[in-house]
Asks: 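Dumping the structure here so I can ask a few things about it.
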Amino acid sequence: MKIIHAADIHLGSKIESKFSKEITIMRRKEILDTFSRMVTFAKENDVKVIILAGDVFDKDKPAIKDKENFYKLIKNNPDIDFLYLKGNHDKEGSYEDIDIPNLKTFTSESITTYSYGNIDISGIEMANENYKSFYSKINLNKDKINIFILHGDDSNTYGINKVKIDSLENKYIDYLALGHYHSYKEEKIDNRGRYAFSGCLEGRGFDECGEKGFILLDIDKEVKSTFIPFAKRTIHDVNVDVTGCKDLVDVKNRVNEEVKDIKKEDILLINLIGELPVDAEVDTKDILVHLNSFYFVVVKNKTLTQIRLEDYINDKSLIGEFVRGVYANDSFSPEMKQKILSTGLKLIMKREVER
Amino acid sequence: MKLIELYIINFGNLSDVTYKFNEDITSFCEKNGYGKSTLVDFIKVMFYGMETYTKRSVTFLDREHYYPFSGGVFGGNITFKYKNKTYRIERTFDIKSEVSDTLRVFKNNEETNELGDIPGLTIFGITKESFERLIIINADRIKLESNNDISKKLNNYTSNVSEDFDIADVIEKTKKLKKEQSDKVKELKERINNLKIEITNLESIKESLDNKYVLLNNAERSYKQASEELNEANKLGFILSKWERYDELENELKEIKEKIDHLKEGYKNGLPSKEEVKEIKQSFQLVSINEASITNTSTDVAQQIEFNNLKNKYQEYLPSEEDIKDIEAKINKIKLLKEEKNNITNKASDDEQERLAKHFSNNIVPNEEIEKIQNEFDEYNRLANELQNINPNVTEEVSIKSNRTPLFIILGLSIVLLGVGIGLVFVNLIVGIILISLGAVILFTSIILLVKKSLENKINLSSKPNEKYEETKGKLEKKKSDVLILLAQYKYLGDDVTSLFYEFKNDVQKNNALLSDNSSNESRINEIDREINELNGIIINFFNKVHINPSDFDNALDTLKKELSRLSFLKEMMDKSSNKKAEINNLINAEREKIKKFYERYSISKDKSIEDIEKDINEYERLNDELKAKTLNRDKYKEDNNLAERPINKQYDIDALNNRYNLLFEEYRNIKEEVDELEEDVSRLDDLRSDLERLIEERSDAEFLSSVYENIKKEITSADESLVNKYVAPIRDRFIYYAELLEKAIGEKVFMDKNFKITFDREGALRKSDHLSSGLLAICALCFRLALLDNMFEGENIFVILDDPFLTLDEEHLEKAKNLVIELSKNKQILYFTCHESRRI
């Protein structure tokens, strides 16, 4: 039997503030579209169950249109069971008054189990009342294949959104389907079982970089799991060290080298780091124009200007006085010092400065 | 710090040349192009090196400029005294890159690296550009504009900045940039405030959404309830309509049952089966058919009369079949006898006998004679057959060769004609063309004829008579003649041997038979006549007994046979008719009995015909089938429509329910639309929060930048003040020192105030430097530069290069300037370069 383990879809979610309005609107649509594509994938690959391990919606009270779209997909696929366990983002109002035969849900009151032949899929929603006590209530049939669903980070301690992995040892869990952590991760529970985060389906900002998708479980006598990268776009956070570059051409070449293997439909955050000479004129707008073949790019100039105090110790000019004076001023933070020096020197040298 | 000497291996146009320097002044007076500037630049690159050549270099760099035209080692060395030690810098340069350059520094002849990678920076404490501006003084650089302030002057001489650098511009630009950022901060603050208000509004809308959701849920429940009620009413109406239909079906069944009962009333003992009716109907038909057949079976009157007549005619004598056969045999016997008599009488006619007598003279031809002629005739036939198989001619093959020589002559002639024609074309065109045409026609014709002759060159055949054929033919002619002679003896004449022979042979047979039979024929004819008369008598007598005219025996016999046959047939028919009638009457009575019993058994009125009964039975069956089908239909309808129990008929006002439903649904839809709109608004919250985050970040950046520009302004102002404080007083002191020398040399008393403003004493009054001549001003500027230099390089008395600085001075001022330089050189090493003898020191 084939099962999909997905989580953290965050329908109706807030999108990265650095994205433009158009990209934000498009990304919201793409999140729903990727979920829909996943259901189509399930249908085409004879998947019987889709586990949604929490945070399907981004808010406690999802917008009606988001709910309508989501439940329509479930209704339109009656051959697939959707096992939906609520997470910390969609605790309330996600599926009240919804009566769909193939939508199976869980509560925080007790462990709910759904059986599919020799496979038992159980789960419980974590709440203030149960986050410590539910571990002792787990009583699984050791002769069956047991899949358990929870929503929380893997942890060594108890907590409302924490899953204490060592407390799940020797509970006959074969596969623990987790949600909450937004990247794919799979590790061992004990000699029998392992736990996995499927991660989210689509990255929503520069804090959700890397490949996103779901986990496909193929269960016969044992549980075989495969991570399926499925996001329409991958978000990349790329640091480009431009130390040694003398000018914009050098910087562009260095950036090219770093992004050459990235697909054009992806989203990039380029951080220019390292040191540049004081007279190197690098404008992030030029880099943006240079990278306009990508779907969306943000360029951050985090470079430092190469200014060494020892070069100015004997400088009897205004520049020497200026550099020494700034270095000697302890009221400035290192960042402020760097900025005063790089900008001040450019002004003295009649170069373009940041506005 | 003093220069001692320098050695140039190769540098520009200078090669393998050594220059030694005096401690005071070393004067170089060379014409333009000699290498004065090269020498100055050599000193500079010895201390500072050369920049690497790159494609992006925009200036004509030293490396490229001074690379020796003739190749060889590019570089040299310079020796100088610094901090009481003798140093030597040795350098070589690559044509392009400093990577391959070499630098070696020796201190008291021992290699050292204490001067670092850029010895000039260590020794002079200034950059290469400052070195150029401070130490190398040319005519352009000693101008002193009275309105320049100290900081600008200092910076121009000491900083790596452009020539037109003005600190006031920098401060101004910094202020402008700060203002830009401050304005931006202000604008961002306003936008942030507006955004916050908008977010607060949307948040309160979001809060209010909870109430709207409650309203929406209530409205949804209400309209769904109304929908259910409406559905229930519609459903009841629907079910009742189904029951109505069910009742209709029931009524139809009732009607059919009534018809069946009515039909049954005519059959008190029940209805007969269809088979019974069919049987009785057949009985009726049989009665009818048999009654008709009795009528048809009766023989007609004519036959009866005929039968009676024949019966009477043969009442006395009815001949048996044997009698008839006997008479028939007798009639045939008469016919045979008459034929025999006729044959005898007509065997040979008189003409035939006469013809035979003419050939054979009433004598029998002996067999030997006949055999002889036969043999001759056979031999003749054999020869004739043999001759037929022999070919009358023998064929020979003869090859005939035709003579083609004349054609070849004509062919040759045509070629000659063509040749002559072609030749003549150039002399006489028309004659030439005619000859060519003629030659071509003849050539064409002769070729065709030659081809034709070749084809005709075939094999001819000739033939000659066959000897054997001729021989056999002779024999045949002779044999024919022999046979014809033999036949001619019996007067058979002619040329056709075969027909004559067979005519002879036939006639011989006839003649011999005729001559042997003639004597016995007469007695046989008499016997035949007697026998015929006897038979005639018997036959006539027989026919008279049966009253048939015996004039023609064959006709009489035929009539007898027909009448006897007819009599027999009529008798048989009369017998059969009488038996059949009795049989049919029995059948009719039996069928009538059956019919009677049938009517009695079912108590059916005799007035009802069997057809009516049949109709009733069919109708009864049809009604029963219809009843069954309609019963099934009713049951199925009941089952299909789940009509288990008839509901109580509640009265609903469907229209009112419909209106209520529409009203509630409309209310729900309005609230939903409102919620959708609010959700749409609230969905902007995230975007607005993102915008707020972004604007706050932008504001923070702008505040930071504003602060940066403010600090830059402060720091640059502070640096400028510091620079002034550090250098103004010492420079003024040194300028006063030089001013004294100046007074000695040129007789003018020059002053400098704290702001570097130069004034001079003229007739007891201080005047601005603007009133000085340009030449004097240039000398003042030189003094200022020297004062500056003295302060820039504390502790080390640095050399100065004067690169033809007095180019613009008049003769009077030039002499004064020369004196000043000599005076200066007492305390400062001066390298003086000029290109004109008049300016030589």
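Any value given below was found using the heavy atoms of this structure, including those in side chains, with hydrogens, waters and symmetry copies removed. In what follows, every chain begins at residue 1, and chains take the letters A, B, ... in the order their sequences are listed. What you see is a predicted model, and the numbers here were worked out from it, not measured in a lab.
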Asks: Which heavy atom in A:Lys65 sits nearest to a heavy atom in B:Glu679, and how many Å separate them?
Replies: N-OE1, 4.1 Å
Asks: In this structure, are over 12 heavy atoms from other groups packed under 6.0 Å from A:Met336 atom CE?
Replies: yes
Asks: Would you mind checking which part of B:Lys672 comes under 4.5 Å of any heavy atom in chain A, side chain (CB onward), backbone (N, CA, C, O), both or neither?
Replies: side chain
Asks: Which bit of A:Glu68 is near chain B, if near means a heavy-atom gap under 4.5 Å: side chain, backbone, both or neither?
Replies: side chain
Asks: Please look at B:Thr122 and chain A and tell me whether the side chain, the backbone, both or neither of the residue comes under 4.5 angstrom of a heavy atom of that chain.
Replies: neither
Asks: Please lay out, stage by stage, how B:Asp687 and A:Arg28 fare under the test salt bridge (Lys or Arg N to Asp or Glu O under 4.0 Å).
Replies: CA-CA 11 Å; B:Asp687 292 341; A:Arg28 283 210 185 97; 3.1 Å; yes
Asks: Using non-hydrogen atoms only, which part of B:Tyr709 is less than 4.5 Å away from chain A: side chain, backbone, both, or neither?
Replies: side chain
Asks: If we ignore hydrogens and angles and just use 3.5 Å, is the side chain of B:Glu715 paired with the main-chain N or O of A:Ile340 as donor and acceptor?
Replies: no
Asks: Using non-hydrogen atoms and a 4.5 Å limit, figure out which bit of B:Leu705 sits close to chain A: side chain, backbone, both or neither.
Replies: side chain
Asks: Testing the basics here: between B:Ser690 and A:Ile15, what is the closest heavy-atom pair and its distance to 0.1 Å?
Replies: OG-O, 3.4 Å
Asks: Quick check on A:Ser13 against chain B: is it the side chain, the backbone, both or neither that has a heavy atom closer than 4.5 Å?
Replies: backbone
Asks: With chain A, which of B:Leu692, B:Val675, B:Val708, B:Leu209 has the greatest number of heavy-atom pairs at distances under 4.5 Å?
Replies: B:Val708
Asks: Rounded to the nearest 0.5 Å, how far does NZ of A:Lys18 lie from CD of B:Glu693?
Replies: 8.0 Å
Asks: Hey, could you give me the NZ/CD1 distance between A:Lys339 and B:Ile712, rounded to the nearest 0.5 Å?
Replies: 9.0 Å
Asks: Does the side chain of A:Ile64 reach to within under 4.5 Å of the side chain of B:Leu216, using non-hydrogen atoms?
Replies: yes
Asks: How about A:Asn292: does its CG atom have over 12 heavy atoms from other parts shown lying under 6.0 Å from it?
Replies: yes
Asks: At a heavy-atom separation under 4.5 Å, does B:Val682 approach chain A through its side chain, its backbone, both, or neither?
Replies: neither
Asks: Going from CG on A:Leu347 to CG on B:Asp169, what distance comes out if it is rounded to the nearest 0.5 angstrom?
Replies: 11.5 Å
Asks: Got a second to check how far A:Thr24's OG1 is from B:Asp686's CG, nearest 0.5 Å?
Replies: 10.0 Å
Asks: Report the residues that fulfil ring-ring contact (aromatic ring centres under 6.0 Å, His included) with A:Phe296, sequence neighbours left out, ordered by chain and then residue number.
Replies: A:Phe19
Asks: Side chain, backbone, both or neither: which part of B:Asp701 has an atom under 4.5 Å from a heavy atom of chain A?
Replies: neither
Asks: What part of B:Lys184 gets closer than 4.5 Å to chain A, counting heavy atoms only: side chain, backbone, both or neither?
Replies: side chain
